[in-house]
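Quick note on labels: first sequence line is chain A, next is B, and so on, each numbered from 1. Atom set for the values below is all heavy atoms of this structure, side chains included, hydrogens, waters and symmetry mates excluded.
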Amino acid sequence: MSTGWDQPVDLWKEPAEIPDPAEVDVPAELRAQIEDYMRRYPDYHSAAIPALMAAQKHYGWCSDEAIKQVAAVMQVTPAYLSSVATFYDMLRTKPVGSRYVYVCTSVACHLRQAADVYAAIEEAAEMIGLEDVEIRESECLGACDMAPMASVDGRYVGPLEREDASGLVLAVKEGREVLPGRGLGDPGYKLPWGTRA
Amino acid sequence: MGDARLMAEEIRIITAGFGEKDVRSIDGYIENAGGYAAMRKVFAPPVDPDALVKEIDESGLRGRGGAGFATGKKASFIPKGEQTRFLTCNADESEPGTFKDRQLMQYCPHRLVEGCILASYSIGASFAFIYIRGEYELQAETVEQAVREAYERGFLGENILGSRYSLELVVHRGAGAYICGEESALLDSLEGKRGNPRLKPPFPAIKGLYQGPTLINNVETLSNVPLIIERGAKWWRSFGTEKSPGTKVVSVSGNVQRPGNYEVELGVPARDIIEGLAGGVAPGRRVKFWHPGGSSSPVLLEEHLDLPFDYESMARAGSMLGTASVIVADDTVEVVPYAKRLAQFYRHESCGKCVPCREGTNWTVKMLERIENGDATPMDLDIMGEVQQNIEGNCLCVLGDSMAMPVRSLLKHFREDFAEVMEAGRFSADELASEPAGEGSVDVRIGEGGRLVAPGTPTGA
């Protein structure tokens, strides 16, 4: 859900201005990437989402410092960037983990018992003690043929069963590939009933 | 099933070669799918851009993103003149049940790139963008790779194939927001803002991206363009029906035995898609309801399965073809939790700009929770229906309607299911309330007709 509009604001605080580029240290790699995005568009503001994504990749989430650095490179106010960051589901405005497991429980997956799969994954994550990974229910990820499914850092895996949960979580924890051969785009991947996915 | 009639089969045109041959790489696309032939036909020697629009118009191609608007007509709205014009491909596919664009980009990204080149040329656009949802990492990488290859061959960039036409194509990744599939919200998002829909008019064709004339088309629509330009409008019209010509990639999901994408001629019986291609519901079960066009289309019933699957027939039956994404629910599905999960999606995705949608989606979820928990009264079903009517047509975009229409249709067809759950919930709530109140709890009971009974009122009053 787009957030930001429902959060309390400190009215006594001076609004942050466009940061002085000379006063903000930005890692060279991140700066180069943001500047590259800005050059791609007729209007550099269009680079806001890709730039925030890049900063998030670097820092794990869109922290105040990350937003300030993007603002310094793009020469926009931090407020403008946080208005953008709070709108989009994939931009993290809290340090909930630098990697993600989105388990789809939306309409089509709901019909194939996705809630059970999500509960099993959540339980396994707690038991195994998974840290720095954002695990959450997700809205439709556009892979209803793989239902129930999950996106592990962008790699779609499915169809999932409850029994897959602990293996999935363990692989994430150990940084291994999750469910090899069962990811969309894996060589020879097909749905169990033979249809192309 | 059981009848002698032969079920319709897949017609693989836009999905030709998927999973069988390499149509993904640029060489594979050229060799195995006749790729970039339409582009060569257009640029050597250059044909009049208006002729392209005319060809598409004659083909009767209708937008594949959900609205079904005539593609040629839409392109003809773009004004001529000196202003910078833009093409935007809407690849923000997020409607629950829809996964056709994902597959088209994953298997054949160059057909989309070629479609973007042709559509941009037809309206004289100098910039084109493919706005792809952030979750589609694999597909975004695939399309980005295809764009790089096209640049290397001189199909994009300055003076395409030696002509005087130049085009820059940028792949832009979103960051997770269903609303950005709404065309004016997509433009705001592409401009680097929160994805809020805009007030229309002015329509994007007049004032779109960066306030310039902008043509916005869906992935499947644009992917059809090279085929129509190469083989002609007449060939395209040999498929489908008079008013719904061509083939359509149908995503089938839910309680069927073979979920997946199936390309069929428009106008085949829906039964052939659901039972024939997708294997139907599990043995011994029946179809309880189905959405013909994604979760936002009103549900249809088993009796509607023999209707022709096209724009007109679905509209006549009280629903819509939408994205042609069939979600099937069998007779084991409980309607109330289903409606709640559906409403939750729209509550989550409402951008919050218009009150009827922001509040309406939220209250619908709350009412469904109350029905489940036994806190609802029979009146609430009527109120819930009214809330849906107050959303429909009262917002800048149709996100609210997209919840209101299916919820209202579920309420219409399955009112007893709602009432049953409500009564069962109230029964257990009554039991709870009749237990002696513990220390510190408020002595409130639920009495006759579901009304709260004030503390101290004698039982039976």
Checklist entry - Taking the six-membered ring for Trp, is the centroid-to-centroid distance between Tyr178(B) and Phe345(B) below 6.0 Å? => result yes

Checklist entry - Given that the side chain runs from C-beta out, which part of Phe18(B) has a heavy atom under 4.5 Å from chain A: side chain, backbone, both or neither? => result both

Item to check | Cation-pi, Tyr338(B) ring and Arg341(B) (6.0 angstrom, 45 degrees) | outcome: no

Item to check | Residues which pass side-chain contact (heavy atoms from CB on, under 4.5 Å) with Asn255(B), listed by chain and number, not counting sequence neighbours | outcome: Leu111(A), Ala329(B), Asp330(B), Val333(B)

Next on the checklist: Any salt bridge linking Arg196(A) with Asp145(A)? Criterion: basic side-chain nitrogen under 4.0 Å from a carboxylate oxygen.
Outcome noted: no

Checklist entry - What part of Ser295(B) is in contact with chain A, defined as an atom under 4.5 angstrom from a non-hydrogen atom: side chain, backbone, both or neither? => result side chain

Next on the checklist: Strictly below 4.0 Å, N to O, side chains only: are Lys100(B) and Glu220(B) in salt-bridge contact?
Outcome noted: yes

Checklist outcome for this item: Honestly, the part of Ala197(A) sitting under 4.5 Å from a heavy atom of chain B is both

Item to check | Part of Ile327(B) lying under 4.5 Å from any heavy atom of chain A | outcome: side chain

Next on the checklist: So which residue, Glu20(B), Gln139(B), Glu10(B), ends up with the most heavy-atom pairs under 4.5 Å with chain A?
Outcome noted: Glu10(B)

Item to check | Sorted by number, residues from residues 14-39 of chain A in contact with chain B (heavy atoms, under 4.5 Å) | outcome: none

Checklist entry - What part of Thr195(A) gets closer than 4.5 Å to chain B, counting heavy atoms only: side chain, backbone, both or neither? => result side chain

Item to check | Engaged part of Ile49(A) at the chain B interface, taking heavy atoms whose separation is under 4.5 Å | outcome: side chain

Next on the checklist: If I measure from the heavy atoms of chain B, does Tyr189(A) come under 4.5 Å with its side chain, its backbone, both, or neither?
Outcome noted: neither

Checklist entry - Any donor and acceptor pair, going by atom type alone, linking the side chain of Glu137(B) with main-chain N or O of Ser151(A) inside 3.5 Å? => result no

Next on the checklist: Can you list the residues of residues 126-139 of chain A that sit under 4.5 Å from chain B, counting heavy atoms only?
Outcome noted: Ser138(A), Glu139(A)

Item to check | Donor-acceptor under 3.5 Å (Arg358(B) side chain, Gly352(B) main chain) | outcome: yes

Checklist entry - Between the side chain of Arg133(B) and the main-chain N/O of Gly176(B), is any donor-acceptor distance below 3.5 Å? => result no

Checklist entry - Using a cut-off of under 4.5 Å for heavy-atom pairs, which of Met53(A), Arg112(A), His45(A) has the most such pairs with chain B? => result Arg112(A)

Item to check | Side chain / backbone / both / neither for Tyr80(A) at chain B, heavy atoms under 4.5 Å | outcome: side chain

Item to check | Segment of Ile179(B) engaging chain A (4.5 angstrom heavy-atom cut-off) | outcome: side chain

Checklist entry - Going by atom types only, do Arg194(B) and Thr86(A) share a side-chain donor-acceptor pair under 3.5 Å? => result yes

Item to check | Engaged part of Glu95(B) at the chain A interface, taking heavy atoms whose separation is under 4.5 Å | outcome: backbone

Checklist entry - What part of Gln103(B) lies closer than 4.5 angstrom to a heavy atom of chain A: side chain, backbone, both or neither? => result side chain

Checklist entry - When the aromatic ring centroids of His172(B) and Phe129(B) are compared, is their separation below 6.0 Å? => result no

Checklist entry - Going by an N to O cut-off under 4.0 Å, is there a salt bridge joining Arg173(B) and Glu144(B)? => result yes

Checklist entry - Which answer fits His110(A), side chain, backbone, both or neither, if we ask what part of it has an atom under 4.5 Å from a heavy atom of chain B? => result side chain

Next on the checklist: Taking side chain as everything from C-beta outward and backbone as N, CA, C, O, which of these in Tyr136(B) sits under 4.5 Å from a heavy atom of chain A? Side chain, backbone, both or neither.
Outcome noted: both

Checklist entry - Where does Leu191(A) contact chain B at under 4.5 Å (heavy atoms): side chain, backbone, both or neither? => result side chain

Checklist entry - What residues form a side-chain contact (heavy atoms from CB on, under 4.5 Å) with Leu138(B), not counting sequence neighbours? => result Leu184(A), Gln106(B), Thr142(B)

